[in-house]
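Keep in mind it's a predicted model, so treat the numbers as computed, not measured.
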Amino acid sequence: MLIVHSDATRDRRTLTELFAGQLVAPFECPERVDYIIERARTESIGEIRGPDEYGLEPVLAIHDADYIDFLRVAWRDWQAAGYEGEAIPNIWPTRRMPGGPIPRHIEGRLGYYALAGETSLNADTFQAALLSKDIALTAVDQVCDSGAPAFALCRPPGHHAARDQYGGYCFINNVAVSAQRALDRGHQRVAILDIDFHHGNGTQDIFYERSDVLTLSLHGDPMDEFPYFLGFANETGRGDGEGYNVNYPLPSGTNYARWAQALDDAIARVTDFAPDMLIIALGVDTFENDPISSFTLQSGDYLDIGARLKRIGLPTLFVMEGGYAVEEIGVNAINVLKGFDNA
């Protein structure tokens, strides 16, 4: 399996994350990729190559242009305001403050474009997001060209990034940009199966009114888990997209047997949809020891996940999303790829 990776994904290291009322070292850290690529080399899982550069055109096919411009200038404007810490939003257009123009001041713009307050921006954020989408685009082009599977080792992740919002460590939605790239290259239909612990709210937002992309997400029940306000089972799409969005909210403590039942149902829906390509939003924060999740999957379960996905029989792209038990993330992510390759 081809792995697309760049050591430059290490460059973005923020110092602060708002968690449980404290500013802590972020769970989304460079070491996540270090452990995965080290494990990939140890297991000789496949060729590793760097990404090509794609510019902004594929991004603007998915994301709002003003939002992308905000990401480009946010750190500059934050510094120009005289602030010394990392950029963290502290005000939002909430239920009692709808409408109105986008504020001029950087504090207001941060709140307008942020869906949550845990994700800090720093000097490296925008370039890191561009590199991450280049990794995903390079990998999807390889799948389009060869039909063989590929793994985009993206950092930062992307599935929480909506059309014009960032949060949950995500800025550009890598799986959405990849799906659109596949469509632009001649594919008629693409399925995105999100197996991260947290709901892929950004991906749902982007494709909610479209029938050419089937979006499915297995995740912690949003009554109890981030991002809270999307991810319920009755969210099935709108307009042309009605019936093309499928959510599987699962309770805290879900084990592999219960989780695999939902996966099998999702696989059946993918098969019925008959897409030209399958994109897996690969989060391994379903692991029992993950620090910000509550499922109980074990390392061996990820081998079986990969084998089940292989049996779908489609050209498949894996895009790295979450997983924050750093020492085990390499084992668990590569186990999915091993299970897929060996099935």
Give, for atom [atom1] of [X] and atom [atom2] of [Y], the distance between the pair rounded to the nearest 0.5 Å.
{"X": "I279", "Y": "L214", "atom1": "CD1", "atom2": "CG", "value": "11.5 Å"}
{"X": "I135", "Y": "M320", "atom1": "CD1", "atom2": "CE", "value": "12.5 Å"}
{"X": "I68", "Y": "F126", "atom1": "CD1", "atom2": "CZ", "value": "6.0 Å"}
{"X": "E328", "Y": "Q298", "atom1": "CD", "atom2": "CD", "value": "11.5 Å"}
{"X": "C154", "Y": "N174", "atom1": "SG", "atom2": "CG", "value": "4.0 Å"}
{"X": "Q79", "Y": "N122", "atom1": "CD", "atom2": "CG", "value": "10.0 Å"}

Check whether any side-chain N or O of [X] sits under 3.5 Å from a backbone N or O of [Y] as a donor-acceptor pair, and report yes or no.
{"X": "Y248", "Y": "A266", "answer": "yes"}
{"X": "E31", "Y": "V326", "answer": "no"}
{"X": "H63", "Y": "N173", "answer": "yes"}
{"X": "E86", "Y": "T16", "answer": "yes"}
{"X": "D290", "Y": "T286", "answer": "no"}
{"X": "W75", "Y": "D124", "answer": "no"}
{"X": "E17", "Y": "T119", "answer": "no"}
{"X": "H187", "Y": "A182", "answer": "yes"}
{"X": "D285", "Y": "F197", "answer": "yes"}
{"X": "S132", "Y": "L130", "answer": "no"}

Measure up the F70 and Y166 rings against each other and bin them: parallel (under 30°), tilted (30 to 60°), perpendicular (over 60°). parallel
Under the salt bridge (Lys or Arg N to Asp or Glu O under 4.0 Å) test, residues paired with D212 that sit two or more places apart: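 Scan of D212 (salt bridge (Lys or Arg N to Asp or Glu O under 4.0 Å), adjacent residues dropped) gives R210.
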Not counting sequence neighbours, which residues clear salt bridge (Lys or Arg N to Asp or Glu O under 4.0 Å) with D34? List them please.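 Per chain and number, D34 pairs via salt bridge (Lys or Arg N to Asp or Glu O under 4.0 Å) with R10.
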Looking at every non-hydrogen atom in both residues, tell me the closest pair between [X] and [Y] and how far apart they are.
{"X": "L230", "Y": "P222", "value": "O-CB, 3.3 Å"}
{"X": "Y302", "Y": "N332", "value": "CB-O, 3.5 Å"}
{"X": "N245", "Y": "T215", "value": "OD1-OG1, 2.6 Å"}
{"X": "Y169", "Y": "P157", "value": "O-CD, 3.7 Å"}
{"X": "V190", "Y": "L183", "value": "CG2-CD2, 4.0 Å"}
{"X": "A307", "Y": "A343", "value": "CA-CB, 3.7 Å"}

Mind checking whether [X] and [Y] have side chains closer than 4.5 Å, heavy atoms only?
{"X": "M277", "Y": "V143", "result": "yes"}
{"X": "I48", "Y": "I37", "result": "yes"}
{"X": "P275", "Y": "L314", "result": "yes"}
{"X": "Q180", "Y": "P58", "result": "no"}
{"X": "S293", "Y": "H198", "result": "yes"}
{"X": "I45", "Y": "I3", "result": "yes"}
{"X": "L121", "Y": "F171", "result": "yes"}
{"X": "D194", "Y": "L218", "result": "no"}

Could you please spell out the steps behind the side chain to side chain contact (heavy atoms under 4.5 Å, CB included) verdict for I305 and L297? CA-CA 11 Å; I305 292 171; L297 275 63; 3.9 Å; yes
Please determine whether residues [X] and [Y] belong to a single hydrophobic cluster, defined as Ile, Leu, Val, Met, Phe, Trp and Tyr linked transitively by side-chain heavy-atom distances below 4.5 Å.
{"X": "F295", "Y": "V284", "result": "yes"}
{"X": "F232", "Y": "I206", "result": "no"}
{"X": "V213", "Y": "L137", "result": "yes"}
{"X": "I334", "Y": "V319", "result": "no"}

Mind jotting down which residue pairs meet the salt bridge (charged side-chain N to carboxylate O under 4.0 Å, His left out) criterion with at least one end in residues 302-315? Sequence neighbours excluded, please. D264-R308, D304-R308
Would you say [Y] and [X] are linked by a side-chain donor-acceptor pair, where the criterion is simply a distance under 3.5 Å?
{"X": "D7", "Y": "H5", "answer": "yes"}
{"X": "D224", "Y": "S252", "answer": "no"}
{"X": "Y54", "Y": "D141", "answer": "yes"}
{"X": "Q204", "Y": "N247", "answer": "yes"}
{"X": "S294", "Y": "E225", "answer": "yes"}

Could you tell me whether [X] and [Y] make a salt bridge, using a distance below 4.0 angstrom between a side-chain N and a carboxylate O?
{"X": "E242", "Y": "R238", "answer": "no"}
{"X": "R72", "Y": "D69", "answer": "yes"}
{"X": "D66", "Y": "R109", "answer": "no"}

Is there a side chain to side chain contact (heavy atoms under 4.5 Å, CB included) between F207 and I62 once you walk through the steps? CA-CA 9 Å; F207 294 115; I62 288 296; 4.2 Å; yes
Before you tell me yes or no, could you show the steps for Y228 and H199 under side chain to side chain contact (heavy atoms under 4.5 Å, CB included), namely the whole-Å CA-CA distance, both residues' side-chain angles and the distance that decides it to 0.1 Å? CA-CA 9 Å; Y228 297 110; H199 175 242; over 6 Å; no
Worked verdict on F318 versus F340 for side chain to side chain contact (heavy atoms under 4.5 Å, CB included): CA-CA 11 Å; F318 294 89; F340 187 92; 3.6 Å; yes
Just wondering, are more than 12 heavy atoms of other shown residues or ligands nearer than 6.0 Å to CD in Q188?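 No - once you tally the heavy atoms of other residues, nucleotides and ligands closer than 6.0 Å, there are 12 at most.
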